[in-house]
Amino acid sequence: MPSFLLSVPVLVVGALLAVGLRSNRASAAVALASQACACILVLLGVGRPLFGGAAIELLWPWPPPITTIPFRVDALGAFFLAWSLPLTLLGTLYAIGYLRPSFESGRHGGPHFALLNVVALSFVLIYSVQNALVFLLGWEVAAVAAWLLVIWDYRSQKIRFAGFNYLVSTHVGLFVLVAAFMLLHSKTASMDFAAFSRFLQQPSPARGTIFLLLGTAFALKSAFFPFHTWLPRAHAAAPAHVSALMSGVIHKAGLFGFVRFTLLMGRPEEWMGWTVLVFGAVSAFFGVLYTASQRDLKRLLGYSSTENVGIAALGFGLGYLGWSWGATDLALIGFAGGLLHVLNHAIFKCLLFYAAGAVQRAAHSVDLERLGGLAKRLPRTAALFLIGTLAGSALPPFNTLVSEFIIYTGLLSGQGPSPEANVVLVVAAAGLAFVGAVSALSATRAFGVTFLGQPRDARIHVGAEPPASMLVPMLCHAALAIVCGLAPQLGLGMVRASVGLFPFCTLADLERVLAPLAGLVYASRVLALLLLAAGLLRWWQGAGARRSPTWACGYLAGSPRMQYTGSSFSEHFARIFASCMPALRRERIASEIFPALPGQLATHHADAVEQRIFEVLARGEDAITEVSERIPGHPRFAFAAGLCAVLIIGAVAWGGWR
Amino acid sequence: MSLFRSVRVRLSQGSQTIADVRTAVPQGFRGLPVLGSAPCGECRACIEACPTQAIETDPLRLDLGRCVFCAACEDACPEGTIQFSAEPKLGAARREDLVLAAGQAEPLRVRASATFSRLFGRSLKLRQVSAGGCNACELELNAVVNVNFDAQRFGIEWVASPRHADALVLTGPLTRTMKEAVRLAWDAMPEPRFLVAVGACAISGGLYQAAAGTDRSFLDSVGPSLFVPGCPPHPLTFLNAILDFLGVDG
Amino acid sequence: MTVHCLANVLGLLFLPLLLTGLIQRVKSLWSGRRGPPLLQPTYDVLKLFRKSPVYSATATPLFRIAPWLFLVTACASAAVVPLLGSEPIASFPFDFVWFAYVWALGRVALMLAALDTGSAFEGMGSAREATFSTVLEPVLFLVAAALCSRSGAHSLQLALRFEAAEGSFLLTTCAVLALLVVLQVEASRMPVDDPSTHLELTMVHEVMVLDHCGADLAAIQIGSAIKLFVGSSMIAALLNPWAASGGALALGAQLVLSALVAVFVGTIESLVARLKLRLVPNYIALALGLGALALLLGAWGRVSSG
């Protein structure tokens, strides 16, 4: 049995022990130990395919009707496995410190740690299995485990609703996925991916439909626009490490599925590439718009996930287009950039969520309008959050710039088949630049309003810095963000073999198209050195300087509430894009000269898509109520109507059977 | 096109900058008072006429720091001992230099500061704080950077934030309500910095010497390095005093 | 190679503040005054280095570090631009992407330092600066892509080459005008921002530096001057017919053209009032349109010529 499969029983045993043990400390230790073991087993096992070796193939016998479960860990699965499990391990470590206050007040953490094991288990299944039914099983296990993790604070009604919203959305995705698999099964009479691949490689009318169905399912899982509405609510409700793992690791399964089925499908048609590109651009655009206006730090980070999967999809769309045009350079760039961006996003998003969790733990609030000046009380958290936001805005010398740079080189290379195509690609690049600038705005706002200045709400009492179990994962992620920015060969080394799976790829070609990176890396290293030198020098120099209050034009009645809040920071921006981001405004402004009551102003940026869905649902509900009121409420009449319906349906079915 | 119109307007304006501010004498300006050497005897007409008690006898002395340049003394004196000339250079670096003695005919010289002339000789940024005055001094100080006097050619400029400033220019009698604000502005300034007291109200309290609403304790803790008398002082007075203080040749 | 490096470094040391001084002289001429001497910005900066700092009690160490990060990023961005008309210090494919993101890093550093003071004023400046830069960022990419498709190469050095070919004139005009708007926004010039005002209604960049003093303020002033110099160098390189051949003629033409850009900026500052804040994004959108036009010209121009 290959070592990576050994991790499954290790995780199962760990989960059962964690549930069974009474002491929280023991449950946590068992979960950590089992996950660490599983990590080592998986990493040892997938090391060979990860770096270009042969794939691990295995046929696992199973009772009928499945008969055998094919496992195949090729470079793509190895890539996703290689970082999913270690990041889950770090998340479990973080959970120990983060949930300690709950444990001290008597909650039993065993099931929670067991669920984290189950999530890790689902990765092993999803990323290695080649059978549709078992794939769906892993998908469902991941979804349900994530739902149960989200509703850790189930006593709050809002959190239960957010969890339910998440559960419903993920099952809508599941149904679409089931529909796609059923369609494939009807064409191939098999549940194996190999058979699917043989069918999909042939041109057929069903190919497009299957592509759309699978794309929708994976878009729902990875929170693309407009299927993202469950994401902000779920992130606001879940504990910090669960949000981190969801955004960084669990939802990447959607992108994995997407690339996996691209490989199975073979050469795509051009319209598929344009679809993916446009979807990616739209997700990135709307995702980043919403990050700029949220007042809840975790919702903000949730929308940022939508933005980043959009950017990764931009890369994949470029890959699709390149493949369909036969411009293999573009295809290589697109897929390499997209896959690297998936890894980079996982690195910095987890860091950001962990830091937000530290803020929540210390201040019991993540509301931008009420926080402020946290850098003085939580300097380490502030520094780590700063690294996270700078990395998230793709600023040099951090890691995200590398993947975005690769995507830029493809979009701006001018290698499309026609001037129209080139122009559209350049417009996509300009859109990516816009997204980068808005995420810089959002990063400045999130860090500046939370950590800098003075506290805006005096009632918030700020506690201590997070304990070591929370700091260590943050430090690991921050170090990775810096190292992968200065030495991107580390990340690219993992991605290389996955891109090598594409039939048109030769490693020499890949090196050639990634050659411009050398200049970027060199420049970033020099820049990082200079920035570090300047920063350290200046820090030591000015420490003993004289202090005086911030110059406020001599105004003597100032208060911290006069500072710019999060919503005032983004107000002008939100007004420019008000058509895409409707704002609800409630105001009571007095008209008298000497008003008796103070005025009030509240703005709220609701998710436009969610608003629309609720409106449509509400209107649908109204319509149903109206119709049902028209029907007479007589029981005999209802019985007769029901009988007629059953007879009609039976007749139709019997007729169809004949 | 409006560009051509702008060029036409610009050409029609010509050059209105005073070429040499060191030797310019404003027309009709009531400047440095000259005290004659003739003995006054028992006559105290000027002392009774002066609204700010700026004049003392035995010997005859006139405190420019208190003088509001109303010329009541000139009108009251039967002998014509006190005569106001048109000399605009009135600044001094020490308070005692502002007390004019009889027979003193030369204009006041400001002692150049060695440290400040080395630091700010080519670039001086000033921050003005109006501590409760009538705004006449502020209007004149505002004119220092206009087209006529053009202090920017010497690198002298008004700045908005005390953090950017080298000198605090104080006007007004320093009311109680402005005490904290003046202290905040001074504390906000980075060293090296100095204080300039402009106008009779700032230097001595002027007409408000005995007023109940003033609190001049700030000046006890921070002594001004430069005094510019006047009520209000002419822009040329202010400019010449600053240039002399910085040792800048005209 | 090293001669070019040294020349660029020397140019970076001396020319930015001279260019700022030139703009001040132009403004003085237009307003009919003698005005400060050409070296006044240099004198101001030298004096600022002699002041000992005082910091706000609310500020963290980020406040005194950020201006120097801004200066480093300004210098780093200047490294890939042909400042003196011939070769930049460094050049690699798609370096304009790195250029744009390095400027963004400097901007973020300044905005964070402004928020660090905990003052309503500085927060306002940060918000305005951030908003304008979001609309501006695509302009640089559109212009760079248009120039790249015309020249066939992907680095700034090769893209910013003067092209005398037929039909290139319109593209160059669009690119120059769009780059002028980029200069006006990034270097805080009229009609986007007034560098000599201190009224709440009109400040964008000025208000962010209200609490800095001494060497930190000098670093910010030098950094802003470098950004202005880099922007005008880019425009001058596009218009410099001798840039490809290099040598003294190219250098002279570049200096003259940079000076002309400074004169133009100073003239606009003297004759045009600051746009209403609401209209500034519309003005930048105009530049976006020009960039798009340049892109279309570049894309189809290549087809017709190649």
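What you see below is based on every heavy atom in this structure, not just the backbone, and it leaves out hydrogens, waters and symmetry mates. Every chain is numbered from 1, with letters handed out A, B, ... down the list of sequences.
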Rounded to the nearest 0.5 angstrom, the CG-NZ distance for B:L119 and C:K51 is 8.0 Å

Counting heavy-atom pairs under 4.5 Å to chain C, which of B:M189, B:R193, B:R10 comes out on top?
B:R10

Region of B:A188 in contact with chain C, defined by heavy-atom distances below 4.5 Å
backbone

Less than 4.5 Å to any heavy atom of chain B: does that hold for the side chain of C:S56, its backbone, both, or neither?
both

Shortest non-hydrogen separation from C:L271 to B:L3 and the atoms involved
CD1-CD1, 3.3 Å

Within this structure, what is the CG-OG distance for the pair C:L46 and B:S123, rounded to the nearest 0.5 Å?
9.0 Å

Structural part of C:L29 lying under 4.5 Å from a heavy atom of chain B
backbone

Kindly say whether C:L217 contributes a backbone atom to a donor-acceptor pair with the side chain of B:H164 at under 3.5 angstrom?
no

With salt bridge (charged side-chain N to carboxylate O under 4.0 Å, His left out) as the test, would you mind laying out the steps for C:R34 and B:D150 before giving the verdict?
CA-CA 7 Å; C:R34 289 271 181 84; B:D150 195 13; over 6 Å; no

Does atom CZ (B:F69) have a neighbourhood of more than 12 heavy atoms from anything else shown, all under 6.0 Å?
yes

Which atoms of B:D166 come close to chain C, meaning under 4.5 Å heavy atom to heavy atom: side chain ones, backbone ones, both, or neither?
both

Atom group of C:L210 that falls short of 4.5 Å from chain B, counting heavy atoms
both

Quick one: of B:Q16, B:R153, B:K125, B:Q13, who has the most non-hydrogen atom pairs under 4.5 Å with chain C?
B:R153

Donor-acceptor check, side chain of B:R163 to backbone of C:D211, threshold 3.5 angstrom: yes or no?
yes

Which answer fits B:V9, side chain, backbone, both or neither, if we ask what part of it has an atom under 4.5 Å from a heavy atom of chain C?
neither

The interface call for B:R122 against chain C, heavy-atom contacts under 4.5 Å, is both

For B:R111, I'd like to know if atom CZ has over 12 heavy atoms of other residues, nucleotides or ligands within 6.0 Å.
no

With a 4.5 angstrom heavy-atom cut-off, which part of C:S52 approaches chain B: side chain, backbone, both or neither?
both

For the CZ atom on C:F264, are there more than 12 heavy atoms of other groups (residues, nucleotides or ligands in this structure) within a distance under 6.0 Å?
no

